[in-house]
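Just so you know, these numbers use all the heavy atoms, side chains as well, and skip hydrogens, waters and symmetry mates.
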Amino acid sequence: MNIILFGPPGAGKGTQADIITKSFNLYKVSTGDLLRNEIYKETDLGKKIKFTMDRGTLVSDKIINDLIAKILSDKKFYNRLIFDGYPRNLEQAKNLDLLVKKYDQKVSCALNLNTDKESIIRRILGRQICTKCGLIFNEYFKPSTDKNHTCGAKFLIKRPDDNEKTIIKRYKTYLDKTLPMLNFYKKLNLLHQIDGKAEIDQIFDKISHIIASLEA
Ligand SMILES: [Zn+2]
């Protein structure tokens with residue numbers, strides 16, 4: 001089965017992707033990793049990517065599509081991919097559709113971690129990291145207490161770029177690009193909406209049920 005995971009920045013998509021990957025023995029496809037890997041291996045494509053990125057330009061859809069084609073054509077990963085952060089726009093989604101068919105596979109489902117602007121803001125603005133032990137807390141959702149954290153509150157700091165304006169801008173950009181894709185997968189009957197405001201365990205539970213129903 002191949003799965004696509006959608007979710008705005010701050011919705012816990014990365015965490016879910018990692019748990020799903022492990023639990024269902026899937027291979028996680030993140031375009032960032034694919035790009036870095038290609039540069040690292042110094043392939044022809046890697047050199048082209050490095051040239052583009054060094055100039056601060058966005059890597060083209062064509063290059064991304066080539067990288068995805070490479071993964072889909074690799075027998076090692078046949079029908080066990082989870083896409084995290086890809087596709088990024090409707091064009092890429094349509095291309096993925098062609099590619100999976102070409103390599104005799106399919107997209108089994110598209111999971112959308114649904115959440116609203118307010119909870120994203122609280123999730124990101126509330127994020128605290130302990131400079132002493134590295135644990136991450138959230139002053140709204142998972143505050144540091146005597147029970148879960150021995151260092152106490154004095155070592156907790158926030159990331160300076162986590163301000164409200166940046167978050168709202170990122171969220172809006174995400175929605176503009178993502179809503180057309182969600183409609184695309186909805187028409188194909190592949191879209192599952194998941195409450196992204198729930199606890200990590202609850203979200204994973206829901207996802208597990210969906211995946212189990214696909215396997216059955
Ligand atoms: Zn600590």
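- Leu35 and Phe51 end up in different hydrophobic clusters when Ile, Leu, Val, Met, Phe, Trp and Tyr side chains are linked at under 4.5 Å.
- In the displayed structure, Leu58 atom CG is contacted under 6.0 Å by at most 12 heavy atoms of other residues, nucleotides or ligands.
- Here the side chains of Val59 and Thr31 are not in contact, with every heavy-atom distance at 4.5 Å or above.
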Full working for side chain to side chain contact (heavy atoms under 4.5 Å, CB included) between Val29 and Ile82: CA-CA 6 Å; Val29 179; Ile82 175 159; over 6 Å; no
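- Summarising the local packing, CZ of Arg80 is surrounded by more than 12 heavy atoms from other residues, nucleotides or ligands at distances under 6.0 Å.
- Criterion: ILVMFWY side-chain heavy atoms under 4.5 Å apart, direct or through other members. Under it, Ile167 and Ile129 are not part of a common hydrophobic cluster.
- Residue pairs satisfying the salt bridge (charged side-chain N to carboxylate O under 4.0 Å, His left out) criterion with at least one member in residues 2-20, sequence neighbours excluded, are listed as follows: Lys13-Asp84, Asp18-Lys28.
- Looking at every heavy atom in both residues, Pro87 comes nearest to Tyr185 through CG-OH, 3.8 Å.
- Residues Asp116 and Lys197 meet the side-chain proximity criterion, which asks for heavy atoms closer than 4.5 Å.
- Neither Leu67 nor Leu98 shares a network with the other; the hydrophobic side chains, linked directly or stepwise wherever heavy atoms of I, L, V, M, F, W or Y lie under 4.5 Å apart, form separate groups for each.
- When hydrophobic clusters are built by joining Ile, Leu, Val, Met, Phe, Trp and Tyr residues whose side-chain heavy atoms come closer than 4.5 Å, directly or via intermediates, Leu72 is grouped together with Leu188.
- In this structure, the side chains of Leu182 and Leu179 come closer than 4.5 Å at one or more pairs of heavy atoms.
- Although no hydrogens or angles enter the test, the distance criterion places no donor-acceptor pair under 3.5 Å between the side chain of Thr52 and the main chain of Thr57.
- Between the CD atom of Gln202 and the CG atom of Asp195 there is a distance of 8.5 Å, given to the nearest 0.5 Å.
- Of the possible polar contacts, one joining the Thr178 side chain to the Tyr174 backbone as a donor-acceptor pair under 3.5 Å is found.
- With rounding to the nearest 0.5 Å, the separation of CG in Asp97 from NZ in Lys102 is 14.0 Å.
- Judged by a 6.0 Å distance limit and a 45° cone about the ring axis, Arg127 is not positioned over the six-membered ring of Phe137.
- With rounding to the nearest 0.5 angstrom, the CG atom of Asp66 is 6.0 Å from the CG atom of Leu45.
- If you check the side chains of Asp61 and Asn95, you find no donor sitting under 3.5 Å from an acceptor.
- Shortest non-hydrogen contact noted between Phe6 and Ala110 is CE1-CB, 4.1 Å.
- Put simply, CD on Gln128 and NZ on Lys142 are 11.0 Å apart, with the number rounded to the nearest 0.5 Å.
- Contact check for Tyr27 versus Thr21: no side-chain heavy atoms found under the 4.5 Å cut-off.
- No donor-acceptor pair closer than 3.5 Å links the side chain of Asn114 to the backbone N or O of Gly196.
- Ring-plane geometry between Phe204 and Phe24 is classed as tilted, the angle between the planes lying from 30 to 60 degrees on a 0 to 90 degree scale.
- Taking the centre and axis of the six-membered ring of Phe141, the NZ or CZ atom of Arg123 falls inside the cone set by 45° and 6.0 Å.
- Of the charged side-chain nitrogens involved, at least one lies within less than 4.0 Å of a carboxylate oxygen, so that Glu38 and Lys70 count as a salt-bridged pair.
- Annotation: the span from Ile207 atom CD1 to Leu5 atom CG amounts to 6.0 Å, rounded to 0.5 Å.
- Heavy-atom contacts from other residues, nucleotides or ligands closer than 6.0 Å to CG of Asp146 number 12 or fewer.
- When all heavy atoms are compared, the tightest approach of Arg36 to Asp33 is NH2-OD1, 2.9 Å.
- A 4.5 Å side-chain heavy-atom check between Asn2 and Asn79 finds at least one atom pair inside the cut-off.
- We find the OG1-CD1 distance between Thr115 and Ile120 to be 4.5 Å, quoted to the nearest 0.5 Å.
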Full working for side chain to side chain contact (heavy atoms under 4.5 Å, CB included) between Ile194 and Asn112: CA-CA 6 Å; Ile194 292 160; Asn112 183 40; over 6 Å; no
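- Residues meeting the ring pair (Phe, Tyr, Trp, His ring centres under 6.0 Å) test with His192, sequence neighbours left out: none.
- In this structure, Tyr86 and Phe83 approach most closely via the heavy-atom pair O-CB, 3.2 Å.
- No more than 12 heavy atoms of other residues, nucleotides or ligands lie within 6.0 Å of CD in Glu199, so this atom counts as exposed by the packing criterion.
- The two residues Pro143 and Asn148 have their closest heavy-atom pair at O-ND2, 3.1 Å.
- With 3.5 Å as the limit, one finds a donor-acceptor pair spanning the side chains of Thr166 and Asn163.
- When all heavy atoms of Leu190 and Ser108 are compared, the closest pair comes out as CD2-O, 3.4 Å.
- Between Lys48 and Asp44, none of the side-chain N atoms (NZ, or NE/NH1/NH2) sits under 4.0 Å from a carboxylate O, so this pair counts as no salt bridge.
- No more than 12 heavy atoms of other residues, nucleotides or ligands lie within 6.0 Å of CD in Glu42, so this atom counts as exposed by the packing criterion.
- In terms of the side-chain contact (heavy atoms from CB on, under 4.5 Å) criterion, residue partners of Tyr78 (sequence neighbours excluded) are, by chain and number, Asp104, Gln105.
- In the hydrophobic clustering of this structure, Tyr140 does not group with Tyr171; members are Ile, Leu, Val, Met, Phe, Trp, Tyr whose side-chain heavy atoms approach within less than 4.5 Å, directly or through other members.
- Counting non-hydrogen atoms of neighbouring residues, nucleotides and ligands closer than 6.0 angstrom, the CD1 atom of Ile168 exceeds 12 such neighbours.
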Yes or no on side chain to side chain contact (heavy atoms under 4.5 Å, CB included) for Val107 and Ile4, after CA distance, side-chain angles and deciding distance? CA-CA 7 Å; Val107 171; Ile4 304 172; 3.8 Å; yes
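- Shown here is Asp176, whose CG atom has more than 12 heavy atoms of other residues, nucleotides or ligands within 6.0 Å.
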Please test Ile203 against Leu113 for side chain to side chain contact (heavy atoms under 4.5 Å, CB included), starting from the C-alpha separation and ending with a verdict. CA-CA 9 Å; Ile203 297 176; Leu113 295 184; 3.7 Å; yes
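- Side chains of Lys206 and Leu111 form no contact here, defined as non-hydrogen atoms less than 4.5 Å apart.
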